Number of protein chains: 2
Amino acid sequence: MPRRADHEQRRAELTAALLRIASTRGLQAVTMREVAHEAGASLRVVQYYFADKATLLTAGLAELAGRLDRRVRGRAAAGTGLTVREAFEVVLGSILPTDDDSRADALAWAAYYAVALTDPALGAGGRNHPDALEAYLTARLERAQGEGDAPRELDARTEVVLLLALANGLTASVLGRQRGAGDALHVLRHQLDRVLGPPAS
Amino acid sequence: MPRRADHEQRRAELTAALLRIASTRGLQAVTMREVAHEAGASLRVVQYYFADKATLLTAGLAELAGRLDRRVRGRAAAGTGLTVREAFEVVLGSILPTDDDSRADALAWAAYYAVALTDPALGAGGRNHPDALEAYLTARLERAQGEGDAPRELDARTEVVLLLALANGLTASVLGRQRGAGDALHVLRHQLDRVLGPPAS
DNA sequence: AGCGTTCGGATACAAGCGTATCCACACGGC
DNA sequence: GCCGTGTGGATACGCTTGTATCCGAACGCT
């Protein structure tokens with residue numbers, strides 16, 4: 001057998017190049033040739049590792065979902081033993097585009113989201129991600145309510161849906177440059193204060 | 001002069017066809033030929049009324065912004081003399097995709113929003129719209145505070161930003177079919193109850 | 001009535017797209 | 001050593017795209 005390239009890494013480089021293009025020039029600028037050029041490879045290489053464009057786009061979405069998942073889990077795990085209030089602030093705050101990397105990912109995510117709305121092929125890949133977050137936060141809040149760390153009269157499901165929608169809406173306005181990340185974080189904290197009470201600190 | 005067609009109406013038919021395509025198959029499916037076909041016209045007609053594709057897309061965005069503006073203004077004007085709480089529920093509720101028409105418009109809006117994030121040419125056209133709404137709601141809330149109809153300790157600006165982001169986030173989840181319009185409206189009312197108190201009814 | 005302007009059908013063209021094919025080269029197992 | 005397989009460069013094909021052009025038909029004005 002010939003020089004065996006590391007397929008996994010090669011694929012990762014290509015999907016990373018794809019996401020770079022998607023976050024700066026949009027998904028409609030993602031072509032096989034552009035991905036190849038961005039990754040410093042030839043068109044044939046892109047064809048070699050991804051059978052067709054649909055496969056490539058799906059792989060890009062999977063890579064992106066993995067990144068976001070890693071970001072959320074990483075920050076959440078950074079401080080186990082947090083109060084509900086702190087845990088919610090950390091998790092929801094990790095959704096907001098606070099630095100250049102997370103901003104780029106959020107832009108790519110928005111691009112994928114938009115085409116998934118009308119293209120059912122992409123829909124399946126990204127939909128389970130936010131649902132998992134919703135389930136996790138709901139469980140966390142209900143646990144806190146059971147332990148007396150959160151107001152029992154709250155409907156956990158409603159509050160979580162509200163907070164997730166708020167975080168997504170704030171993300172959209174930050175991406176549109178109507179607001180800075182700091183302002184968005186302030187609004188998010190304001191709502192958390194109101195629902196769960198001020199942070200322990 | 002020959003048979004003078006009604007340019008205004010002809011343009012409106014074409015942009016309507018454009019938005020129909022954008023909301024069902026996405027903005028990437030909007031081509032000159034597709035718009036012509038959808039409108040039952042020939043390619044030449046589309047070229048005749050819109051110099052190039054950028055002009056066509058901009059006109060589509062303007063038409064869409066006009067529709068949304070009309071929807072909000074229409075509902076807001078339907079009941080002047082509303083309480084703050086009622087006014088906010090009506091205006092913010094009109095953002096949510098509650099029927100097929102508003103759902104189609106919201107889909108088209110999301111598609112335009114996504115490309116505007118990375119294509120600066122489209123950015124200018126749609127950005128002032130939400131800002132105008134934000135200014136209006138902030139002024140309305142501050143007036144209510146002055147008249148004692150809303151808690152004075154609220155930071156009007158923060159609350160309005162929060163509610164608008166919430167409405168946008170809920171819209172996104174309704175479009176993604178993670179939630180029904182009824183659920184979204186329930187969450188929105190829940191937050192309005194918390195901030196402004198229950199409706200007078 | 002005729003004419004010039006407005007409207008629109010048919011067609012052409014170059015560019016860019018996804019995809020397919022041909023071919024050179026590297027290299028580990030026999 | 002050499003051979004077959006994995007890797008990838010170069011190139012081509014058919015299609016769709018935006019845009020341009022040619023030309024016929026309609027109709028108000030004088």
Side-chain angles (χ1 to χ4, degrees), chain A residues 1-22 24-61 111-112 114-116 118-122, chain B residues 1-22 24-61 111-112 114-116 118-122:
Chain A
M1 295 173 182
R3 175 168 69 90
R4 303 188 64 76
D6 186 338
H7 283 213
E8 214 65 30
Q9 175 176 345
R10 214 84 174 80
R11 263 183 247 267
E13 288 171 13
L14 293 174
T15 51
L18 185 160
L19 293 179
R20 236 174 295 137
I21 298 171
T24 53
R25 282 178 290 154
L27 255 190
Q28 78 279 15
V30 172
T31 69
M32 304 239 129
R33 286 167 231 261
E34 272 305 313
V35 170
H37 182 259
E38 173 74 28
S42 75
L43 171 62
R44 183 65 177 82
V45 174
V46 179
Q47 288 186 286
Y48 188 82
Y49 287 97
F50 301 95
D52 52 16
K53 195 183 182 183
T55 306
L56 176 63
L57 286 176
T58 302
L61 178 56
Y112 267 107
V115 338
T118 48
D119 180 359
L122 269 296
Chain B
M1 298 172 181
R3 175 167 69 88
R4 301 189 64 75
D6 186 339
H7 283 213
E8 214 63 31
Q9 174 176 345
R10 215 82 175 81
R11 264 184 245 267
E13 287 171 12
L14 292 174
T15 51
L18 185 161
L19 293 179
R20 235 174 295 139
I21 297 171
T24 52
R25 282 177 292 155
L27 256 190
Q28 77 279 12
V30 172
T31 70
M32 305 239 131
R33 287 169 231 260
E34 273 304 315
V35 170
H37 179 73
E38 174 72 28
S42 75
L43 170 61
R44 182 67 177 82
V45 175
V46 179
Q47 287 185 288
Y48 188 83
Y49 287 98
F50 301 96
D52 53 14
K53 195 184 182 182
T55 306
L56 176 63
L57 287 176
T58 302
L61 178 55
Y112 266 107
V115 338
T118 48
D119 179 359
L122 270 296

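Just so it is clear, the structure is predicted and the values come from calculations on it, not from any experiment. Just so we're on the same page: letters track the sequence lines, and every chain starts at 1.
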For [X] and [N], what is the distance between atoms [atom1] and [atom2] respectively, to the nearest whole Å?
{"X": "A:Arg11", "N": "D:dG6", "atom1": "CZ", "atom2": "P", "answer": "14 Å"}
{"X": "B:Gln9", "N": "C:dC7", "atom1": "CD", "atom2": "P", "answer": "14 Å"}
{"X": "A:Tyr48", "N": "C:dA20", "atom1": "OH", "atom2": "P", "answer": "16 Å"}
{"X": "A:Arg10", "N": "D:dG6", "atom1": "CZ", "atom2": "P", "answer": "17 Å"}
{"X": "A:Arg44", "N": "D:dT7", "atom1": "CZ", "atom2": "P", "answer": "11 Å"}
{"X": "A:Glu13", "N": "D:dT7", "atom1": "CD", "atom2": "P", "answer": "14 Å"}
{"X": "A:Leu56", "N": "C:dG18", "atom1": "CG", "atom2": "C1'", "answer": "11 Å"}
{"X": "B:Tyr49", "N": "C:dT6", "atom1": "OH", "atom2": "P", "answer": "12 Å"}

Who pairs with A:Ser42 by side-chain contact (heavy atoms from CB on, under 4.5 Å), at least two apart in sequence or on another chain?
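Here the qualifying residues are A:Arg44, A:Val45.
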OH/B:Tyr49 to CG/B:Leu14 distance, rounded to the nearest 0.5 angstrom?
8.0 Å
Return each pair, listed once, that meets salt bridge (Lys or Arg N to Asp or Glu O under 4.0 Å) where at least one residue sits in residues 34-43 of chain B; pairs must be two or more places apart or across chains.
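Residue pairs with at least one partner in residues 34-43 of chain B: B:Arg20-B:Glu38, B:Arg25-B:Glu34.
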State whether A:His7 places a side-chain N or O below 4.0 Å from either non-bridging phosphate oxygen (OP1 or OP2) of D:dT7.
yes
Assuming nearest nucleotide by heavy-atom distance, tell me which of A:Ser42 and B:Ala51 is located more 5' along DNA chain D.
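On the 5' side of the pair lies A:Ser42.
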What string of B, S and - do you get for nucleotides 11-18 of chain D, 5' to 3', when a contact is any protein heavy atom under 4.0 Å?
------BB
For [X], which residues count as a side-chain hydrogen bond (donor to acceptor under 3.5 Å, both in side chains) partner, sequence neighbours excluded?
{"X": "B:Arg33", "answer": "none"}
{"X": "B:Thr55", "answer": "B:Asp52"}
{"X": "B:Asp119", "answer": "none"}

